[in-house]
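Throughout, a chain's letter reflects where its sequence line sits, starting with A, and its residues are numbered from 1.
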Amino acid sequence: MNAPLRRVGVVVLVLFAMLFINLNWVQAYKADEYRTSPYNRRVMLDEYKRQRGVIMLAGGLQLAVSSATDDELKYLRGYPEQTAQQYAHIVGYKPVNIGASGIEQSENDFLAGTSDKLFGDRFRDLFTGEQTAGGNVLLTLSPTAQEQAFKELNGNRVGAKKGAVVALDPATGAVKALVSMPSFDPNQLSSHDVNAAQAAYNQLLANPDKPLANRAISEIEEPGSVMKIVVAAAAMESGANQETVLQGGATYQAPGTSHQIPNASGVNCPEQITLKQALTVSCNTAFARLGVDLGSKKLTDTATRFGFYQKDVQVGRLNGKGIEAGPTVSESVLGKLTTSSGGDDKPTIALSSIGQASVVMTPMQGAMIAAAVANNGQQMRPYLVQQLIGADTTSHYVADPKPLQRSCDAAVAQNLQQMMISVVENGTGRNARIRDIGGVVVGGKTGTAETGDNGESSHGWFVGFALKDGQPVAAVAVFLENAGRGGSAEAARIAQQVMRGVIADKAGN
Amino acid sequence: MSTPATPIAATPVVVPAVPRVPKAARATRRTELSLLILGMIMVAAYLAAVEANMLGKITPDFWVPAGLLGATFAALHVVIRFRAPFADPVLLPAVALLNGLGVAFLRRLDLGRVKAPEREALTIFTGDGGKQLIWTLIAVFGAAVFLWFIRDHREISKYAWTLGLAGIVLVILPMLLPASISEVNEAKLWIKFGDLFAIQPGEFAKLALLAFFAYYLVRKREVLALASRRFMGIDFPRGRDLGPVLVVWVMSLMVLVFEKDLGTSLLYFGMFVVTLYIATERVSWLIIGLLLFFGGAGLAYFLAETAGGPFASFGKRVDVWLDPFEDPHKSGYQLSQSLMGLGTGGMFGTGPGAGNPLLVPEVRNDFIFAGIGEEVGLFGLTALLVLYLLVVERGLRAGLTVRDSFGKLLAGGLAFTLGLQVFVIIGGVSKLIPLTGQTTPFLSAGGSSLVANWLLVAVLLRISDAARTPATMTLGGARQ
């Protein structure tokens with residue numbers, strides 16, 4: 001019986017060799033795949049071993065902090081109660097089992113301390129045995145403007161339930177305020193009770209008002225009369241000036257259609273009206289005709305230079321990725337302005353020139369138009385991250401403002417400024433006026449986008465800027481979804497409050 | 001029988017002033033003791049590393065579990081000195097090291113289950129680690145009793161029919177009992193005594209059945225080996241001789257279907273086919289066995305896919321094996337977590353106490369190898385595999401050198417069964433073969449497995465003693 005016993009010994013040897021080879025496969029060849037697998041909770045446990053960095057503002061206001069616990073997860077991510085809802089769409093959230101969002105997501109590597117920039121810290125940790133906290137992220141926001149934007153938007157006097165505010169520094173592109181309504185409490189998502197967090201998340205997802213959506217950069221809606229700024233810019237680039245006389249009137253019927261475009265009720269638009277006056281009173285007939293006369297190409301070119309069709313705007317770090325609305329800011333577009341034969345689709349152009357038809361833009365795009373005008377035609381790339389600071393206070397990144405594109409000549413921009421100031425001083429944007437701060441003057445344009453058969457559910461817009469001693473200090477867009485009548489006037493009032501906030505913080509610095 | 005069977009009461013349990021260890025065996029026993037001490041030092045080192053990682057310091061009492069285990073194994077060593085002085089000196093230290101590391105790892109899991117500040121207060125007799133420690137004492141005592149009273153392995157064959165019947169009853173019992181008493185984790189392999197403890201009769205059935213196989217085959221081997229027909233150059237047995245094989249085959253398939261356990265079924269069948277092969281020296285038995293097993297498993301999988309019913313859980317296991325990450329939160333959860341644990345460990349592991357083995361479900365039982373693997377890495381696991389291989393090959397060696405056929409078959413069968421069980425469970429948790437619920441010998445938490453496997457080691461020790469005792473001396477350490 002010894003021969004078979006020996007063979008059995010060989011068989012056992014072969015079986016163990018198979019085990020050994022397979023373990024090599026699992027623990028050496030496939031090790032990295034398993035180690036970093038999204039299903040591997042160890043990745044997350046390791047992440048929570050290190051205190052996550054703080055997200056903060058220049059004044060020292062802390063928006064996201066991690067505090068020690070005695071859980072299995074060593075640190076709990078928290079968002080201070082007073083500011084949690086205000087900054088929810090910018091800061092985002094960092095839950096245990098759900099994907100992160102906002103700055104928490106876009107700057108995750110730096111906050112978590114796993115960024116290449118923080119290699120020095122980790123290298124030091126190897127010898128000291130400590131876990132140096134992750135890096136801190138300093139944002140560009142103005143706390144007063146953000147607070148005003150949140151408070152005024154949520155307390156709007158027309159009863160709008162959804163909306164957004166964006167404020168930019170026109171000279172740099174720094175985001176000064178960014179609010180989306182309705183908001184949410186990110187603390188319930190970062191809870192270590194993963195079931196509670198998941199339930200809260202599901203509830204937010206199921207909410208028809210979509211509180212998780214960042215409307216300021218993701219929602220694309222018809223801009224209404226705000227579009228007239230772009231049409232006016234296109235006209236002036238083609239040789240017109242503020243005093244160029246346009247044909248207005250009570251209605252305008254574009255060639256090739258029986259549809260008549262009227263003016264909004266209460267708008268007094270004579271047959272002969274100057275460009276400046278047409279913008280001031282927001283005359284639909286004059287701008288619809290002007291748009292048709294300019295043609296689809298000029299309109300599209302100008303709109304593109306003001307930021308429409310811009311696909312790679314990311315609101316975050318200037319050399320990195322930004323907060324996500326999808327991957328980037330949603331693309332604002334004019335829609336199709338030509339017929340199938342390639343010629344101008346004049347009825348559509350007429351409607352598009354007053355911001356109807358298939359023209360859509362984000363609130364961010366509205367603010368970028370105002371910023372370009374205020375900054376003498378130079379549009380800056382918007383950004384949110386001012387500085388990345390290591391746990392040891394070394395700076396790893398400081399924002400260096402970057403031009404996005406030239407939207408128009410300085411001369412055209414200055415004419416637009418004067419016309420938009422006229423809108424606020426004498427026209428539809430009076431609610432945005434600021435008279436009590438020395439040297440400050442406000443310009444802007446209201447917009448009302450018809451969304452249905454009646455005016456009850458129309459969107460209200462205001463896009464504008466503030467100059468102080470001739471220098472641009474703020475560009476703001478306010479959007480009130482389905483605000484109904486009075487929406488654009490309320491938007492102008494909110495914009496005024498936000499601009500006051502930006503100016504106050506700027507003076508304070 | 002070389003020694004007459006003496007009634008227990010009449011056995012002189014007198015410790016003589018001078019140990020009665022034959023001179024020729026002393027060097028062997030010294031080797032055993034040195035290896036045993038070395039093994040316990042390694043267990044103590046493992047415990048120290050666990051404390052350093054989990055408590056942030058090493059307490060003065062870190063070595064106590066290793067010390068207790070060491071004392072227990074040393075007691076068995078003393079029994080071996082008296083009763084099996086020529087036994088293989090590697091078996092005890094190798095198994096003791098495996099057992100010790102199992103206790104240390106289970107204690108590490110206990111520490112991991114409580115919050116950091118409460119860890120230091122955790123005494124060594126609490127939790128799974130504590131239970132395992134006590135079960136080790138009981139199991140080693142069982143092995144000692146066996147070695148003390150059974151001085152010649154051939155005595156076992158006297159009870160062969162009793163053991164065979166007991167084996168079948170033990171296999172069938174959980175099948176017949178209601179699921180509330182016998183089912184744990186979808187496998188009906190248990191007999192639960194309330195919440196107090198549960199035994200796995202299959203662990204003992206293995207030993208009993210093997211003893212019977214060995215006895216039966218020694219008597220029938222001539223018939224089975226010689227009466228054959230030649231087909232394609234291989235000798236095949238006559239149809240009527242296939243009877244017992246088919247009975248075992250049906251029994252193992254019943255285990256597969258009614259106890260929902262592929263591993264045990266494969267174990268019984270593999271065990272029988274291999275002893276049959278050793279007894280008859282006919283390769284044809286291996287071929288028939290493999291065909292029957294894979295045919296049966298294939299049929300079961302086919303039925304699982306088409307008919308479902310009692311086969312469904314088997315089909316599900318195969319699907320999970322093919323791609324554990326297809327449904328990583330439900331059916332593939334165990335295996336994918338196991339693989340991620342092993343993968344995280346990588347080549348060198350995170351270090352004892354520094355990983356997260358508790359993320360792997362059932363890490364104290366079926367998946368203990370994956371849990372240990374995360375912390376000791378490929379290098380550590382390879383060492384564990386080598387330890388198992390040593391035990392198995394030393395067992396086979398005892399079979400090779402022992403003079404009687406029964407001893408050869410018993411040692412060969414036991415050693416192979418141990419090796420096969422290690423292959424089935426470790427291959428299962430590392431996705432080499434479909435996962436089946438089996439304990440990892442000497443490591444998994446659980447008394448039945450520990451007691452049964454120590455008994456298996458005792459039998460191997462007994463046979464190796466017989467194999468290595470010079471022909472001029474009597475067996476079992478008795479003086480001439």
Side-chain angles (χ1 to χ4, degrees), chain A residues 1-49 68-75 96-98 125-126 128-131 192 194-195 198, chain B residues 115-117 221 274 277-283 286 325 328-329 332-333 336-337 339-347 349-350 355-356 358-359 373-374 377-378 381-382 385-386 388-389 392-393 396-397 399-401 405 408-409 411-413 415-416 419-420 422-423 426-427 430-433:
Chain A
M1 289 196 268
N2 281 0
L5 268 175
R6 284 205 182 84
R7 278 189 215 116
V8 168
V10 173
V11 167
V12 172
L13 211 56
V14 169
L15 290 180
F16 274 64
M18 282 163 70
L19 287 178
F20 176 66
I21 291 164
N22 184 56
L23 281 176
N24 274 277
W25 171 260
V26 171
Q27 296 200 278
Y29 184 77
K30 299 267 275 185
D32 276 339
E33 186 187 323
Y34 291 141
R35 193 178 295 129
T36 57
S37 161
Y39 304 114
N40 195 340
R41 257 174 71 86
R42 292 168 190 83
V43 176
M44 186 193 66
L45 289 174
D46 280 351
E47 200 175 4
Y48 278 83
K49 266 184 198 158
T69 69
D70 53 4
D71 289 0
E72 177 193 29
L73 302 177
K74 274 194 178 167
Y75 288 96
V96 177
N97 272 355
I98 306 163
D125 288 353
L126 274 184
T128 60
E130 285 167 15
Q131 289 266 15
H192 286 183
V194 291
N195 294 326
Q198 187 67 52
Chain B
K115 288 180 179 174
R221 55 189 289 249
V274 165
Y277 166 66
I278 297 171
T280 61
E281 309 196 9
R282 289 271 177 263
V283 182
L286 283 184
F325 286 90
H329 296 298
Y333 186 67
S336 58
Q337 290 297 327
L339 289 173
M340 288 186 288
L342 286 169
T344 304
M347 298 288 275
T350 58
N356 293 293
L358 285 165
L359 293 179
E374 180 184 348
L378 178 60
L381 288 189
T382 305
L385 281 183
V386 169
Y388 279 121
L389 194 60
V392 173
E393 296 291 343
L396 289 172
R397 174 167 300 253
L400 273 174
T401 39
S405 301
K408 280 182 187 297
L409 264 185
F416 175 78
L420 186 61
V422 170
F423 176 77
I426 295 180
S430 60
K431 198 181 167 277
L432 180 62
I433 57 172

Original post:
Is chain A contacted by the side chain of B/Lys408, its backbone, both, or neither, given a heavy-atom distance below 4.5 Å?
Top reply: both
Original post:
What closest approach, in Å, do A/Phe16 and B/Gly419 show between heavy atoms, and which atom pair accounts for it?
Top reply: CE1-O, 3.9 Å
Subject >> Contacting moiety of A/Leu23, where chain B heavy atoms sit under 4.5 Å >> reply: both
Original post:
Any idea which heavy atoms bring A/His192 and A/Tyr48 closest together, and the distance?
Top reply: NE2-CE2, 3.7 Å
Subject >> Taking every non-hydrogen atom, the tightest pair across B/Pro328 and B/Ser336 >> reply: O-OG, 3.7 Å
Original post:
Which one, B/Thr280, B/Val386, B/Thr382, B/Leu339, leads in non-hydrogen pairs under 4.5 Å with chain A?
Top reply: B/Leu339
Original post:
Taking the inter-plane angle between the rings of A/Tyr39 and B/His329 on a 0 to 90° scale, is it parallel (under 30°), tilted (30 to 60°) or perpendicular (over 60°)?
Top reply: perpendicular
Subject >> Residue, of A/Val11, A/Leu19, A/Val26, that accumulates the most heavy atom pairs under 4.5 Å with chain B >> reply: A/Leu19
Original post:
Do you know which of B/Ile433, B/Leu420, B/Leu396, B/Leu359 has the most heavy-atom pairs under 4.5 Å to chain A?
Top reply: B/Leu359
**OP:** Please state whether the side chain, the backbone, both or neither of A/Ile21 comes within less than 4.5 Å of a heavy atom of chain B.
**Re:** neither
Original post:
Which residues pass the side chain to side chain donor-acceptor pair (under 3.5 Å) test with B/Tyr277, sequence neighbours left out?
Top reply: A/Arg7
Subject >> Closest-packed option against chain B by number of heavy-atom pairs under 4.5 Å, given A/Arg41, A/Arg6, A/Arg35 >> reply: A/Arg35
Original post:
With chain B, which of A/Leu15, A/Val12, A/Thr36 has the greatest number of heavy-atom pairs at distances under 4.5 Å?
Top reply: A/Leu15
Original post:
Quick one: side chain to side chain donor-acceptor pair (under 3.5 Å) partners of A/Asn24, sequence neighbours excluded?
Top reply: none
Original post:
chain A heavy atoms under 4.5 Å from B/Glu281: which part of the residue, side chain, backbone, both or neither?
Top reply: both
Original post:
Considering only heavy atoms, which portion of B/Tyr388 lies under 4.5 Å from any heavy atom of chain A: side chain, backbone, both, or neither?
Top reply: both
Subject >> Contact class of A/Asn40 relative to chain B, heavy atoms under 4.5 angstrom >> reply: both
Subject >> B/Glu374 versus B/Asn356, closest heavy-atom pair with distance >> reply: OE2-N, 2.6 Å
Original post:
What closest approach, in Å, do A/Met18 and B/Phe423 show between heavy atoms, and which atom pair accounts for it?
Top reply: CE-CZ, 4.1 Å
